[in-house]
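Counting starts at 1 for both ligands and their atoms, following the listed order.
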Amino acid sequence: MKSFNTKIIAILNQKGGVGKTTSSINIASFLAITETPTLLIDMDPQANASSGLGIDINNHKSIYDIMINNVNIKKCILQTKIDYLDIIPSHTKLSGAEIELVSMFTRESILKDALQSVLGKYKYIIIDTPPSLGLLTINVLTASKSLIIPIQCEYYALEGLSQLLNTIRLIQKNLNPELNIEGILITMFDSRLNMSHQVVSEVKEYFGDKVYKTCIKRNVKLGEAPSFGKPIILYDASSTGAQNYMNLVSEMLNNNE
Ligand code: ADP
Ligand code: MG
């Protein structure tokens, strides 16, 4: 079997509702559509990435078992409806993990250590993260090579970003010197709104060429797809949302060539 130089990318922003889960599901799906072996890890106790791919979280081992019960990662990986896409689902039990982790030895690197045995099996590992900067997120930051930061076009879009960038710097200094920013992703863009254009120009001023050329527009189909347990490619492949995420993934793949 082919062995890959696996790249671990986390989708991160401690704000809720900015498009992390939607981006995780659809980036992972479009990577898989291009026959790129991909593993999606759902690290959010809300388990929206798992349910958004039609997984019944009560029937499977989850990231909780890896983080807390020391269960072998290979027992927690499921195939999805999409070829080349596997998932490690989350579970609502994970909400207790922040506290359970506090007393654990090597508590910052449990995820990193667990992932060692699947490196080489996938080209990309995409991690959806919870809306906080607690120990679960610190595990993700310790394990990842790079970050995609979705920024929603709304008032106060940049609020909280300096805290996030500070956390990233601390992790780089103490736990993971190789961590970098893969890209900044504008989400829920609406070209009719001045505010959307304003957010884009502020974000570009701040992050320069780290900002993806592809914006994700506001698109109702992207909001509907998860309730059918489907990524946008299976729900409505001709939607603007599908086109946006497809373009994003080709931009991402180009950047990584
Ligand atoms: P997060 O994971 O950061 O909390 P989500 O991806 O769950 O954010 O998105 C928040 C809500 O907005 C969800 O209901 C989702 O379906 C919806 N949504 C996400 N992206 C878009 C978009 N581009 N257009 C319309 N609705 C979106
Ligand atoms: Mg989410």
**OP:** Please confirm if an N, O or S atom belonging to Thr21, backbone or side chain, lies less than 2.8 Å from the Mg ion (ligand 2).
**Re:** yes
Original post:
Does ligand 1 have an atom under 4.0 Å from some heavy atom of Ile216?
Top reply: yes
**OP:** Return yes or no for this condition: an N or O of Arg218 is under 3.5 Å from an N or O of ligand 1.
**Re:** no
**OP:** Using heavy-atom distances, let me know which of Gln152, Met188, Lys20 sits nearest atom 22 (C) of ligand 1.
**Re:** Met188
Subject >> Under 3.5 Å: donor-acceptor pair, side chain of Gln152, backbone of Met188 >> reply: no
Original post:
Does Lys217 come within less than 4.0 angstrom of ligand 1, counting non-hydrogen atoms of the residue?
Top reply: yes
Original post:
Which bit of Thr21 is near ligand 1, meaning a heavy atom under 4.0 Å away: side chain, backbone, both or neither?
Top reply: both
Original post:
Which is closest to atom 8 (O) of ligand 1 in terms of heavy atoms, Pro131, Gly19, Ala225?
Top reply: Gly19
Subject >> Side-chain donor-acceptor pair present, Glu182, Asn256, cut-off under 3.5 Å >> reply: yes
Subject >> Protein contact to atom 6 (O) of ligand 1 [nearest heavy atom, distance to 0.1 Å] >> reply: Thr22 OG1, 2.6 Å
Original post:
Okay, side chain of Asp190, backbone of Arg218: is any donor-acceptor separation there less than 3.5 Å?
Top reply: no
Original post:
Does the protein put a heavy atom less than 4.0 Å from atom 11 (C) of ligand 1?
Top reply: no
Subject >> Thr129: which of Leu141, Val140, Leu136 passes side chain to side chain contact (heavy atoms under 4.5 Å, CB included) >> reply: Val140
Subject >> Per-atom contacts, ligand 1 versus Gly223 - under 4.0 Å to a heavy atom >> reply: 16 (O)
Original post:
For ligand 1, which atoms, with element, lie under 4.0 Å from some heavy atom of Leu222?
Top reply: 16 (O), 22 (C), 23 (N)
Subject >> Side-chain donor-acceptor pair present, His91, Asn58, cut-off under 3.5 Å >> reply: yes
Original post:
Counting only N and O atoms by type, is there a donor-acceptor contact under 3.5 Å from the side chain of Thr6 to the main-chain atoms of Tyr122?
Top reply: yes
Original post:
Heavy-atom contact under 4.0 Å between Asn219 and ligand 1?
Top reply: yes
**OP:** Examine distances only and state if a side-chain atom of Thr187 and a backbone atom of Ile216 form a donor-acceptor pair shorter than 3.5 Å.
**Re:** no
Original post:
Are Leu12 and Lys20 side-chain neighbours, meaning at least one heavy-atom pair lies under 4.5 Å?
Top reply: no
**OP:** Indicate the ring-plane relationship of Phe189 and His197, choosing parallel, tilted or perpendicular according to the 30° and 60° boundaries.
**Re:** perpendicular
Original post:
Numbering the atoms of ligand 1 from 1, which are under 4.0 Å from a heavy atom of Val18?
Top reply: 1 (P), 3 (O), 8 (O)
Original post:
Is Gly17 close to ligand 1, meaning an N/O of one under 3.5 Å from an N/O of the other?
Top reply: yes
**OP:** Indicate whether atom 25 (C) of ligand 1 is within a distance of less than 4.0 angstrom of some protein heavy atom.
**Re:** yes
Subject >> ILVMFWY cluster, Tyr245 and Val211 together (side-chain gap under 4.5 Å) >> reply: no
Subject >> Within-cutoff protein neighbour (heavy atom, under 4.0 Å) for atom 14 (O) of ligand 1 >> reply: no
